J.: 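One structure coming up, written as structure tokens, with questions to follow.
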Amino acid sequence: MLPQFELYRPKCLQEACELKGQGAMVFAGGTDVFVAMHGGRLRPKALVDVKGIGEMQGATFDEQSGLNLGALTTHRTIEEWDIIKERYYALFEGCSQVGSVQIRHRGTLGGNICNAAPSADSVGPLLVFDAKCVVVGKEGQRTVPLSQFFAGPKKTVLAADELLYRIVVPPPAQCSGSAYIKYTRRKAMDLALLGVCVYLALDGNLLRDVRIALSTAAPTPIRAYQTEAMLRGKSTEDISMEEMGKQAAAEASPRSSWRANREFRLKLIEELMQRAFSTALARAGGDRR
């Protein structure tokens with residue numbers, strides 16, 4: 001049974017920010033907040049339901065600026081949107097593996113990001129596509145790169161009165177491909193033991209750009225910047241897949257838990273890194289002779 005709480009349903013960002021600044025907890029789909037309340041891990045005295053705020057809704061794509069996603073955009077909307085499958089395939093792969101269909105109809109991108117779980121399925125793909133978070137609060141609006149949004153497990157850089165209200169994702173380059181691989185203990189409705197996401201762009205056989213994200217591999221989702229630097233500018237034919245996997249694992253700091261120990265997760269990174277890279281390369285139209 002849920003504990004008693006006050007419920008507010010503001011119609012504008014300013015009102016929601018004021019309520020949050022006073023200590024109320026924000027929720028959208030509620031797929032994380034209410035689970036935590038049922039389990040006794042959260043006991044908020046007041047909740048703010050932001051689903052009625054227009055500025056947080058809507059999802060558009062433009063060839064010049066890319067995606068402009070309201071924080072209330074659901075995983076199901078992303079999963080069913082053709083432009084995501086055509087241009088941002090790893091994001092489709094991430095969002096389509098969040099919980100069940102029912103959960104994906106309720107759960108939002110903004111909620112998945114603000115929950116700040118190391119295993120968040122949408123975050124790895126958004127990291128490799130260089131997503132930016134647009135937040136608003138009493139001091140005005142600011143834009144934060146998603147790679148700088150997390151301050152620790154379940155912690156973000158949002159101030160007490162700030163809300164994430166839109167997510168901006170640049171358009172992928174021509175001749176690019178992406179892949180997200182989620183390793184779980186079972187095939188459905190499970191958290192990632194580990195997630196690897198790769199985006200790359202080709203100039204002939206040269207890797208013009210490479211971005212790599214790892215989830216459940218550190219206290220927060222991370223980019224593997226050193227591995228990216230090692231690969232960028234190289235010919236796809238000269239890349240040592242084994243060395244690439246080891247370098248990515250060297251950048252991770254996973255913990256041991258009841259679901260998997262640290263050593264197993266490091267081995268997974270080495271293996272999944274190679275698979276994700278090969279898949280992204282094939283989707284970009286490249287090959288390794």
Side-chain angles (χ1 to χ4, degrees), residues 32 35-36 41 75 90-91 93-95 97-99 107 109-133 135 144-158 164 167 169 178-185 190-200 209-232 241-277 279-280:
D32 291 310
V35 170
R41 286 178 283 122
H75 300 294
L91 185 56
E93 291 179 308
C95 288
Q97 295 184 70
V98 175
L109 278 188
N112 204 218
I113 292 171
C114 290
N115 189 45
S119 59
D121 286 313
S122 70
V123 171
L126 288 170
L127 280 172
V128 301
F129 286 119
D130 260 352
K132 295 177 175 56
C133 299
V135 305
V144 182
L146 181 60
S147 58
Q148 299 173 21
F149 191 76
F150 304 107
K154 301 285 185 180
K155 296 179 182 176
T156 73
V157 298
L158 287 176
L164 165 63
I167 302 131
V169 192
S178 63
Y180 171 67
I181 296 180
K182 174 182 180 178
Y183 187 93
T184 60
R185 290 160 58 93
D190 199 0
L191 297 176
L193 281 186
L194 196 93
V196 174
C197 194
V198 173
Y199 162 89
L200 56 84
D209 197 6
V210 187
R211 301 176 207 142
I212 299 162
L214 306 173
S215 54
T216 328
T220 68
I222 59 170
R223 285 271 298 273
Y225 290 112
Q226 294 175 36
T227 310
E228 295 174 6
M230 182 184 82
L231 297 173
R232 196 169 288 123
M241 301 292 272
E242 185 176 350
E243 182 184 358
M244 175 183 66
K246 288 184 181 299
Q247 175 59 48
E251 293 191 60
S253 55
R255 69 185 181 100
S256 293
S257 71
W258 67 269
R259 301 172 71 239
N261 64 34
R262 170 184 168 85
E263 291 71 24
F264 181 61
R265 285 190 163 110
L266 289 173
K267 286 295 182 186
L268 278 178
I269 293 172
E270 291 185 31
E271 174 61 30
L272 298 185
M273 182 65 224
Q274 297 179 46
R275 295 187 197 179
F277 183 89
T279 302

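None of the values given here were measured: they were computed from a predicted structure.
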J.: Are the side chain of T279 and the backbone N or O of A179 linked by a donor-acceptor pair below 3.5 Å?
T.: no
J.: With heavy-atom distances below 4.5 Å as the criterion, would you say the side chains of V198 and S178 are in contact?
T.: no
J.: Under a 3.5 Å distance rule, please check whether S256 uses its side chain to pair with a backbone N or O of R262 as donor and acceptor.
T.: yes
J.: Can you check whether E93's main-chain N or O pairs, donor with acceptor, with Q97's side chain at less than 3.5 Å?
T.: yes
J.: Between E263 and K267, is there a salt bridge with N-O shorter than 4.0 Å?
T.: no
J.: State, with a plain yes or no, whether a side-chain heavy atom of C114 is found less than 4.5 Å away from one of L158.
T.: yes
J.: Please walk me through it: do L109 and C95 pass side-chain contact (heavy atoms from CB on, under 4.5 Å)?
T.: CA-CA 9 Å; L109 278 188; C95 288; 3.9 Å; yes
J.: Any non-hydrogen side-chain atom of M273 less than 4.5 Å from a side-chain atom of I212?
T.: yes
J.: Could you check whether any side-chain heavy atom of V123 comes within less than 4.5 Å of a side-chain heavy atom of F149, counting everything from C-beta outward?
T.: no
J.: Could you give all pairs that pass the side-chain hydrogen bond (donor to acceptor under 3.5 Å, both in side chains) test and reach residues 117-129, with sequence neighbours left out?
T.: N112-S122, D121-Y180, D121-K182
J.: State which residues pass salt bridge (charged side-chain N to carboxylate O under 4.0 Å, His left out) with E270; sequence neighbours excluded, sorted by chain then number.
T.: K246
J.: Decide yes or no for I222 and F150: does some side-chain heavy atom of the first lie under 4.5 Å from some side-chain heavy atom of the second?
T.: no
J.: Let me confirm one number: the CD1-CG distance from I167 to L146, rounded to the nearest 0.5 Å.
T.: 8.5 Å
J.: Kindly indicate, with the supporting measurements, whether the criterion side-chain contact (heavy atoms from CB on, under 4.5 Å) is fulfilled by L164 and I113.
T.: CA-CA 9 Å; L164 165 63; I113 292 171; 4.0 Å; yes
J.: List in chain and number order the residues that pass salt bridge (charged side-chain N to carboxylate O under 4.0 Å, His left out) with R259, two or more places apart in sequence or in another chain; answer none if no residue qualifies.
T.: D190
J.: Are any of the side-chain nitrogens in D130 or R223 under 4.0 Å away from the carboxylate oxygens of its partner?
T.: yes
J.: Looking only at heavy atoms, what is the nearest atom pair of G245 and I269, with distance?
T.: O-CG2, 4.4 Å
J.: Indicate yes or no for a side-chain donor-acceptor contact from E251 to the backbone of Q226 under 3.5 Å, with no hydrogens or angles considered.
T.: yes
J.: Do other residues, nucleotides or ligands put more than 12 heavy atoms under 6.0 Å from the CZ atom of R255?
T.: no
J.: My understanding is that only one of D32, N115, T220 makes a side-chain hydrogen bond (donor to acceptor under 3.5 Å, both in side chains) with K154; could you say which?
T.: N115
J.: Do the non-hydrogen side-chain atoms of V144 and K132 ever get within less than 4.5 Å of each other?
T.: no
J.: Taking C-beta and beyond as the side chain, do P221 and L126 meet within less than 4.5 Å on heavy atoms?
T.: no
J.: Look only at the side chain of R265 and the backbone of L194, and say whether a donor-acceptor pair between them is shorter than 3.5 Å.
T.: no
J.: Side chains of T227 and M244: does their closest heavy-atom pair fall under 4.5 Å?
T.: yes
